[in-house]
Amino acid sequence: MVADARSCSPSMIHPTPRLRFAPSPTGPLHLGGARTAMYNWAAARAMGGAFLLRIEDTDQARSTEASLQIILAGLRWLGIDWDEGPEQGGAFGPYFQMQRLDRYRAAAERLLQSGHAYRCYCSAERIEAVREAQKAQKSAFLGYDGHCRELSPAQRAEFEQRGVVPNVRFRMPSERTLRVHDLILGDVEVNTRDFDDWVMLRPDGVPLYNFACVIDDIDMKITHVVRGNEHFQNGIKQRLLFEALGAECPLYAHIPLILNKDGKKLSKRDADTNMLDYRDKGFPPEAVFNYIALLGWGFSGDRDVFSREEMVQAFRIESIGKSGAKFDEEKLRWMCGEYVRRTPPPLLLARALPWLTPALPAVVHAARTHAAWLENVVACYQERIALYGELGDKIGWLFADPVLDDAAKKNVDKDPAGRSWLAAYAAHLEQGALPPSWPADRQGVDEVVRLPSKKDQPEVACAFWTPARIEADCRAFVEQLGVKFGSFVHPVRAALTGTDKGPGLFDVLFLLGAETCARRLRAVSDAS
RNA sequence: GUCCCGGUCGUCUAGUCCGGCCCAGGACCCCAGAUUUUCAUUCUGGUAACACGGGUUCGAAUCCCGUCCGGGAUACCA
């Protein structure tokens, strides 16, 4: 008999699309979970429906409040909000499965009455033994053997008398082919003979995943289920349960898994798959969102960078890819750089501040008194970092006289006369009009002159030298000195910043200001 | 073992439904060059793929069959 699972057809009965993400609080939110949540969220938003969070906490041994909080924080960090669920409420609650036990018991009772379920008195040991035997015989079928399927009332009474508390199993049709439609996989044919009679309810009345999930999906009027491919077989069990309950089942979309470098399912035990690790390392959340979305879904053939809003505009469940995707940290990193570069400096500064202050306590003060200056500093590094967390390592030289690294020393000593140029330049600069150095009052220069300076930038009126003016002056100075511009510039940069990398030299001079530049140039010049 | 799914550059993918516009496009990475006061950014160019074998067809990445490889599932976890 082939049953066309037509009962699982589009949701004309529920006019409003309702989707859910149903994590179990047994660990952190990992990448795969985040992606599943995101696709559900995006589909709900795209269809103008509701997105809800349901907490599947029936594994009491492993569920923790801490995990729940981490999951919620991870979702919020990514910008995934929910209409119903924890800390949000809603008309279809409660949203914690352990608070819905009465619902499951009632449903189990109905199924027992109708014969779709039965009580199983088998011990864990017996089940284990059956499995071992099946393996030993190389049986095609692995699973519960249906021992208690057709117990007589007398047999049942005997077990009850002995005080054996049964669990409740779903009675799978023994030999039935069904064709199911999946939004991603298309039409798939399976036979119930490959499934065993699975446990719905434990002896203590706590439901198992497949059971609780269906009861809740019915109660919460879920219309579309987007979840990992590892649930495909569960989906078969669940469809049959919907049928037994006389309910319409949602549309299913089983999405491919995210794979690690070795091509294996990404494990939630992998430390670096915890969403909050990305937050704590200073990844821009929008970039992580964008990158994860890309793991299996494309905005278009020629665009990788898109916003949440654009995704919602374009998202369709059916357009999720069919094959698994490997997580590529390099591309994620590139994506982060992309977002950092697009962030307006004041916002970038605000975002990066938490990573700056532990390394550089002075930043706290600077943020209050020299905000525009700090914004210029950040702007100068915008195209040099990918993570907020990387800024702190790079800008220390602005707050304390640096120790020269090897490359810097080499640049200083490249020309025997190099150190003497530094002293001369220091003296020369003192005749000029460099802005005052932090922490002195910079008198508003940073509001007027925006960095990083570009070649074609128009001149601005300013009481102090702008980077363009500093450069013009420097070139004239160097010409008088009679050396090559390039060989002059490198020792200066080294003395000022302690490295051979960084913003344009004249931005550096502008940022550092008169006193600091002179001091550092002399210090290196004298150190010979 | 059994069942299910998948397989386009190293990686993420577009194209596959409705065969020709694809001797396969974009992005990351890598390499070379340009710009430049360094690094970075930016720009230009380059290397690199339709898993394999059979069909069907005037013509196949696209349709069919088989093989191989990969993954998932087979819990009183979710």
Side-chain angles (χ1 to χ4, degrees), chain A residues 22-24 26-27 33 56-59 61-63 120 122-124 127-128 131 134-135 137-144 167-169 182 184-186 188-191 193-196 198-204 206 208-210 212-213 227-234 236 254 256-257 259 261 263-265 268 291 294-298 300-305 321-335 337 341 380-385 394 407-408 411 452 455 471 474-475 478 485-490 492-494 497 499-506 508:
Chain A
S24 67
T26 54
E56 310 213 327
D57 53 357
T58 57
D59 185 344
R62 296 195 298 140
S63 293
C120 169
C122 292
S123 66
I127 292 188
E128 182 59 25
R131 179 175 310 279
Q134 288 166 339
K135 277 186 186 158
Q137 292 167 227
K138 293 195 179 346
S139 162
F141 176 83
L142 289 179
Y144 183 62
N167 54 35
V168 180
R169 285 187 189 268
D182 187 279
I184 310 292
L185 271 17
V188 180
E189 215 171 83
V190 291
N191 194 298
R193 79 169 84 91
D194 299 310
F195 296 81
D196 69 352
W198 47 279
V199 176
M200 300 183 343
L201 225 47
R202 297 180 175 98
D204 63 1
V206 177
L208 254 37
Y209 170 69
N210 283 120
C213 178
R227 79 219 312 188
N229 200 242
E230 77 259 34
H231 287 298
F232 182 81
Q233 321 308 57
N234 288 328
I236 303 300
H254 290 96
L257 274 10
L259 279 13
K261 274 196 182 63
K264 300 258 196 282
K265 176 181 174 180
K268 76 167 71 170
Y291 177 72
L294 227 35
L295 248 26
W297 183 78
S300 72
D302 57 1
R303 241 185 90 190
D304 286 346
V305 182
K322 282 177 164 38
S323 51
K326 287 183 187 169
F327 178 65
D328 179 6
E329 275 193 66
E330 299 241 47
K331 188 152 185 177
L332 203 210
R333 209 191 137 66
W334 165 81
M335 185 71 80
R341 265 167 256 135
C380 282
Y381 277 92
Q382 194 153 18
E383 54 199 33
R384 277 168 254 263
I385 61 166
K394 297 192 189 286
N411 281 344
K455 275 266 163 321
E471 174 168 6
C474 179
R475 286 188 186 272
V478 171
F485 187 65
S487 43
F488 176 81
V489 139
H490 297 306
V492 173
R493 165 185 301 286
T497 69
T499 80
D500 63 342
K501 303 171 174 48
L505 216 219
F506 307 106
V508 167

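Small disclaimer: the values here were computed from a predicted structure and weren't measured. Sequence lines set the chain letters: A, B, ... in the order given, protein chains first and strands last, and positions in each chain run from 1.
Backbone-only contact: A/Phe232 has heavy atoms under 4.0 Å from sugar-phosphate atoms and none from a base. A/Asn229 comes within contact range of the sugar-phosphate backbone alone, with a heavy-atom separation under 4.0 Å but no base atom that close. When heavy atoms are screened at a 4.0 angstrom cut-off, A/Pro203 is found touching base atoms of the nucleic acid. As judged by a 4.0 angstrom heavy-atom cut-off over every strand, A/Ala124 is placed among the base-contacting residues. Within the 4.0 angstrom heavy-atom criterion, only backbone atoms of the sugar-phosphate kind lie near A/Leu294; the bases stay farther away. At a threshold of 4.0 angstrom between heavy atoms, the contacts of A/Cys380 with the nucleic acid are absent. Among the atoms of the strands shown, none is found under 4.0 Å from any heavy atom of A/Gly486. Residue contacts for A/Asp59: at a heavy-atom cut-off of 4.0 Å it reaches the sugar-phosphate backbone alone, with no base atom in range. Within 4.0 Å of A/Lys264, counting heavy atoms only, lie sugar-phosphate atoms of the nucleic acid but no base atom. Residue A/Thr499 is classed as having no contact, given no heavy-atom separation below 4.0 Å to the nucleic acid. If you check every strand for non-hydrogen atoms under 4.0 Å, A/Gly298 touches nothing. Among the protein residues, A/Asn234 comes within range of the nucleic acid bases, having at least one heavy atom under 4.0 Å from a base atom. Residue A/His231 is classed as a base contact, given a heavy-atom separation below 4.0 Å to a base. Heavy atoms of A/Pro256 sit nowhere under 4.0 angstrom from any nucleic acid atom.
One atom, OH of A/Tyr381, and another, P of B/U38, lie 15 Å apart when rounded to the nearest Å. We find that CD of A/Gln233 is positioned 14 Å from C1' of B/A75, with the value rounded to whole Å. Protein atom CZ of A/Arg333 is 11 Å distant from nucleotide atom P of B/C30, rounded to whole Å. Straight-line distance from the CZ atom of A/Arg193 to the P atom of B/U74: 19 Å, rounded to whole Å. Atom CG of A/Leu257 is separated from atom P of B/G70 by 17 Å (rounded to the nearest Å). In this structure, the CG atom of A/Asn210 is 9 Å from the P atom of B/A78, given to the nearest Å. Put simply, OH on A/Tyr144 is 12 Å from C1' on B/C76, counting in whole angstrom units. Atom NZ of A/Lys326 and atom P of B/G72 are 12 Å apart (whole Å).
Ring-plane geometry between A/Phe485 and A/Phe506 is classed as parallel, the angle between the planes falling under 30 degrees on a 0 to 90 degree scale with a further cut at 60.
Of the candidate nucleotides B/C12, B/G7, B/A73, B/G7 has the atom nearest to the side chain of A/Ser323. Checked against B/C77, B/C12, B/C39, the side chain of A/Arg384 finds its nearest nucleotide in B/C39. Among the nucleotides B/C5, B/U42, B/G72, the one closest to any side-chain atom of A/Arg341 is B/U42. Residue A/Lys322 has its side chain nearest to B/G6 when only B/C12, B/C4, B/G6 are considered. Closest contact between the side chain of A/Val188 and the listed nucleotides B/U2, B/A78, B/C4 involves B/C4. Counting only heavy atoms from C-beta on, A/Val489 has its side chain closest to B/U37 among B/C4, B/U37, B/C76. Of the candidate nucleotides B/C4, B/U37, B/A78, B/U37 has the atom nearest to the side chain of A/Phe485. For A/Glu230, the listed nucleotide lying nearest its side chain is B/G72; candidates were B/G72, B/U11, B/U38. You'll find that the side chain of A/Glu471 is closest to B/U37, out of B/U74, B/U37, B/C3. For A/Leu142, whose side chain is taken as the heavy atoms from C-beta onward, the closest listed nucleotide among B/U74, B/G71, B/C76 is B/U74.
Between A/Asp328 and A/Lys261, none of the side-chain N atoms (NZ, or NE/NH1/NH2) sits under 4.0 Å from a carboxylate O, so this pair counts as no salt bridge. Salt-bridge annotation for A/Arg333 and A/Glu329: absent, with no side-chain N of the basic residue lying under 4.0 Å from a carboxylate O of the acidic one.
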Can you tabulate the close N/O pairs, meaning under 3.5 Å, that link protein atoms to atoms of nucleotides 21-28 of chain B?
unit_1	atom_1	unit_2	atom_2	d
B/G25	N2	A/Gly301	O	3.2
B/A27	O4'	A/Asp304	OD2	3.3
B/A27	O2'	A/Asp304	OD2	2.7
B/A27	O2'	A/Lys331	NZ	3.3
B/A27	N3	A/Lys331	NZ	3.2
B/C28	OP1	A/Trp334	NE1	3.4
B/C28	O2'	A/Lys331	N	3.4

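Heavy-atom distances to RNA chain B give each of A/Cys122 and A/Gly504 a nearest nucleotide, and the one nearer the 5′ end belongs to A/Gly504. Comparing A/Asp194 and A/Ser300, the nucleotide of RNA chain B nearest to each residue sits closer to the 5' end for A/Asp194.
Applying the Watson-Crick and G-U wobble criteria (two distances, each under 3.5 Å), B/U35 pairs with nothing in any strand. Across all strands shown, B/G66 forms a Watson-Crick or G-U wobble pair, both distances under 3.5 Å, with B/C52. In this structure, B/U2 and B/A73 make a Watson-Crick or G-U wobble pair, each of the two defining distances being under 3.5 angstrom.
Across B/C4 and B/G19, the matching P atoms stand 28 Å from one another, rounded to whole Å. B/C28 and B/G46 have their P atoms separated by 15 Å, given to the nearest Å. Separation of the P atoms belonging to B/A78 and B/A73 is 14 Å when rounded to the nearest angstrom. Going from the C1' atom of B/A49 to that of B/G15 covers 13 Å, rounded to whole Å. Nucleotides B/U56 and B/C50 place their P atoms 23 Å apart, quoted to the nearest Å.
Under a 3.5 Å cut-off, the side chain of A/Ser63 and the backbone N or O of A/Asp59 do form a donor-acceptor pair.
A/His254 and A/Asp182 form a side-chain donor-acceptor contact under 3.5 Å, judged by distance and modelled atom types alone.
In this structure, the side chains of A/Phe327 and A/Tyr291 come closer than 4.5 Å at one or more pairs of heavy atoms.
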